[in-house]
2 protein chains.
Amino acid sequence: MELVQIYECLCDRTRLRIVHLLTGGPLCVCHLQEILDEPQVKVSKHLRYLKEHGMVERERQGAWMIYRLPGKPPRELRANLACLQDCAREDATFARDAKRAARLRPALAKSGPFCAC
Amino acid sequence: MELVQIYECLCDRTRLRIVHLLTGGPLCVCHLQEILDEPQVKVSKHLRYLKEHGMVERERQGAWMIYRLPGKPPRELRANLACLQDCAREDATFARDAKRAARLRPALAKSGPFCAC
DNA sequence: GACGAATATTCCCGCGCAGGTATATAAATG
DNA sequence: CATTTATATACCTGCGCGGGAATATTCGTC
């Protein structure tokens, strides 16, 4: 993985928020959509971008599509994700995103057929 | 400084190399140009971009223009620069850039009126 | 002030990306 | 199979960026 590709993935606000959220664990699209408060197509397209650039993996779970960070991230990615987590701690938007995610993750664990959105 | 702006500055190969080089200390444009082996206009425009985004500062020194990283970088920038330095250590291009810079910096210290290019 | 060296700017082009609208696919449910 | 939910894709638009060619500016030297 090229270092510059990591920065290409992070240089958009929405993508940056998504990656930061996935830092806290996997999420489905509709949860991301609700947390970010952005239109579905926007979230979906950024997820596609991230997937095509090796930044995220996805896995179908019934009607949901679960996105997660790579299981075995290369060293540069791990370093940058740690840095991102560190920096995000002082940012209001990132903090709010994380709080919302914490409220929604239990629903994912239950893994019912339909989303709670 | 917005976190995403840092990534915007680093998401281009040439800019990434420039910022990494400045991590090792200030450099003038013609030295950057020689190290990167890129046309002058390309280097100059990326430097302009970096300056307008608060990533670098510049100072005239005779005929030269010396570029450097900000004297008091905010926390997020410091963290990301450290991360970049760490990641760059394992990359052939960054290593070669740094080696070339080490050979040219003494000329900057002498600070004659004209460049040694 | 003429010249050369160092650097910046202007003008142009092409491409890729961000965003939106509408439509398509896939899965679960009845 | 029809419907609803979840997600993806196709198509269009506008804009900003990367890159090159040519020109301008700034500084030092003679």
Side-chain angles (χ1 to χ4, degrees), chain A residues 2 4-5 7-19 22 26-53 55-68 104 107-108 110-117, chain B residues 2 4-5 7-19 22 26-53 55-68 104 107-108 110-117:
Chain A
E2 284 267 8
V4 70
Q5 289 182 351
Y7 296 123
E8 283 169 357
C9 287
L10 302 180
C11 72
D12 173 88
R13 258 194 177 73
T14 307
R15 285 200 296 269
L16 187 55
R17 290 173 72 193
I18 291 176
V19 171
L22 297 184
L27 283 170
C28 72
V29 180
C30 59
H31 283 171
L32 283 168
Q33 186 181 336
E34 189 186 355
I35 296 169
L36 301 172
D37 192 28
E38 296 281 3
Q40 183 261 329
V41 60
K42 185 169 173 180
V43 175
S44 184
K45 284 205 285 190
H46 280 299
L47 285 170
R48 176 201 174 103
Y49 182 104
L50 291 172
K51 182 167 144 293
E52 283 176 347
H53 288 72
M55 179 63 84
V56 303
E57 298 168 352
R58 67 173 175 183
E59 171 202 354
R60 176 144 240 140
Q61 188 145 346
W64 300 2
M65 193 68 81
I66 313 291
Y67 282 81
R68 68 184 75 246
L104 291 176
L108 246 185
K110 278 184 287 180
S111 199
F114 285 121
C115 187
C117 293
Chain B
E2 284 266 9
V4 69
Q5 288 181 353
Y7 296 123
E8 283 170 358
C9 286
L10 302 181
C11 72
D12 172 87
R13 258 194 178 70
T14 307
R15 285 200 296 268
L16 187 54
R17 291 174 71 193
I18 290 175
V19 171
L22 297 183
L27 283 169
C28 73
V29 180
C30 59
H31 283 171
L32 282 169
Q33 187 180 335
E34 188 186 355
I35 295 170
L36 301 172
D37 193 27
E38 296 280 4
Q40 184 262 330
V41 61
K42 186 171 172 179
V43 176
S44 184
K45 283 205 287 191
H46 280 299
L47 285 170
R48 177 199 173 104
Y49 183 104
L50 291 173
K51 180 167 146 292
E52 283 177 347
H53 287 71
M55 180 62 85
V56 303
E57 297 168 352
R58 67 174 176 181
E59 171 202 357
R60 196 169 257 303
Q61 187 145 348
W64 300 2
M65 195 67 80
I66 312 290
Y67 282 82
R68 69 184 74 244
L104 289 177
L108 248 185
K110 275 185 290 180
S111 199
F114 284 120
C115 185
C117 295

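Naming convention: chains lettered A, B, ... in sequence-line order (proteins, then strands); numbering from 1 in each chain. The basis for the numbers below is simple: all heavy atoms, side chains too, and nothing from hydrogens, waters or symmetry mates.
- Here C/dA18 is the nucleotide among C/dA18, C/dA27, C/dC11 with the atom lying nearest to any side-chain atom of A/Tyr49.
- Separating the NE2 atom of B/His46 from the P atom of D/dG16 is a distance of 17 Å, rounded to the nearest angstrom.
- If you check every strand for non-hydrogen atoms under 4.0 Å, B/Val41 touches a base.
- In this structure, A/Met65 places its CE atom 14 Å from C1' of C/dA28, rounding to the nearest Å.
- With hydrogens and angles left out, the side chain of A/Gln40 and the base of D/dA6 share no donor-acceptor pair within 3.5 Å.
- Rounded to a whole Å, the CZ atom of B/Arg58 is 11 Å from the C1' atom of D/dT26.
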B/Val56 and B/Arg58: CA distance, side-chain angles, deciding distance, side-chain contact (heavy atoms from CB on, under 4.5 Å) verdict: CA-CA 7 Å; B/Val56 303; B/Arg58 67 174 176 181; over 6 Å; no
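- Looking at the side chain of B/Lys45, the nearest of the listed nucleotides D/dG20, C/dG19, D/dT7 is D/dG20.
- Between atom CD of residue A/Glu8 and atom CD of residue B/Glu8 there is a gap of 12.5 Å, rounded to the nearest 0.5 Å.
- You'll find that the side chain of B/Tyr67 is closest to C/dA8, out of C/dG19, C/dA8, C/dA26.
- Remark: P of C/dG16 and CD of A/Gln5 are 15 Å apart, rounded to the nearest angstrom.
- Of the candidates D/dC27, D/dT7, C/dT7, D/dC27 carries the atom nearest the B/Arg60 side chain, counting heavy atoms from C-beta on.
- Along DNA chain C, the nucleotide nearest A/Arg15 and the nucleotide nearest B/Ser44 are compared for position; the residue whose nucleotide lies closer to the 5' end is B/Ser44.
- Side-chain atoms of B/Arg15 come within 3.5 Å of backbone atoms of B/Cys9 as a donor-acceptor pair (strictly under, hydrogens ignored).
- Without hydrogens or angle criteria, A/Arg60 side chain to A/Gly62 main chain gives a donor-acceptor distance under 3.5 Å.
- Picking from C/dT7, D/dT7, C/dG20 the nucleotide with the shortest atom distance to the side chain of A/Pro39 gives C/dG20.
- No side-chain donor-acceptor contact under 3.5 Å links B/Arg17 to the backbone of B/Leu32.
- Atom CG of A/Leu10 and atom P of C/dC17 are 15 Å apart (whole Å).
- At whole-Å resolution of the value, CD1 in A/Ile66 and C1' in C/dA27 are 13 Å apart.
- In this structure, the nucleotide among D/dG20, C/dA27, C/dC17 sitting nearest to the side chain of B/Lys42 is D/dG20.
- As rounded to whole Å, 13 Å separates atom P of C/dA6 from atom CG of B/Leu104.
- For A/Arg48 and C/dG16, the CZ to C1' distance is 14 Å, given to the nearest whole Å.
- The B/Trp64 side chain lies nearest to C/dA6 when the options are C/dA18, C/dA6, D/dG18.
- Picking from D/dT9, D/dG19, D/dG20 the nucleotide with the shortest atom distance to the side chain of B/Thr14 gives D/dG19.
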